[in-house]
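Accompanying notes for the structure given below.
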Amino acid sequence: MGKGKTAYIGRSYLGRTVVSGVSFDSGDLVAEIKGEVVFDPDYGSDYCMDLGVGCVLEPDPPFRYLNHSCEPNCELLICDDEDQAVPLRLCLFATQKIQPGDELTIDYAWAADSAIPCQCGSRACRGWIVAATELSSFERSKSVA
Ligand SMILES: [Zn+2]
C-alpha cells in the first residue's frame, strides 16, 4: 500500500496519520508542504500550520494529517525562497533515519494555553502537547488551578 509514494495517509489509534513510503536519512528533505496560504492573523483550523508573519498554511493531504510526537522523526522548517510567488515555503525534514512504513511525526510545540493531553506513547512523552520550553510554566499553572 502506498508503494513508491513519498508518503501516504495511514491509520493510527488516533485516526489518520502520515506514513512514509520510502526511506530517509536524518537531515533529508521529506517534502515541501503544499497548500493554501491564508493571510489572516485570526484564522485558525485543526490542521493549519503557522508560517509566522501573520499567515498560516492550510496543508493539502497527506501532510495535513501529520501527528504530534514528543519524540518526532521530522521537523517543519520555513524555507525562504525569494524567487517564488509565495516566498515562504514550509518544508518537512527528517530528524532521524526513517524506514518505509514508519509514521511521520512532528513536535507541535504548542503554546501552553493550547495544550491538550498527549497520547503519543513515546518514552520521552511530556504528557501534554505543549512546547518543551513552555512545559515548566505550564505545569506550574496546572498545579495552582
Ligand atoms: Zn507525548
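First listed ligand is number 1; within each ligand, the first listed atom is number 1. Along the sequence shown, residues carry numbers from 1.
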Show the nearest heavy-atom pair for residues [X] and [Y], with the distance to one decimal.
X: Asn67; Y: Ser12; result: ND2-OG, 3.8 Å
X: Gly27; Y: Phe93; result: O-CD2, 3.7 Å
X: Tyr47; Y: Pro59; result: O-CD, 3.3 Å

Measure from the side-chain N and O atoms of Ser23 to the backbone N and O of Ile98, and report whether any donor-acceptor pair falls under 3.5 Å.
-> no
SG/Cys120 to OH/Tyr108 distance, rounded to the nearest 0.5 angstrom?
-> 11.0 Å
Passing option when Lys97 is tested against Asp25, Asp28, Asp102, Asn73 for side-chain contact (heavy atoms from CB on, under 4.5 Å) = Asp25
Counting only protein N, O or S atoms and ignoring waters, those under 2.8 Å from the Zn ion (ligand 1) are Cys70 SG, Cys118 SG, Cys120 SG, Cys125 SG
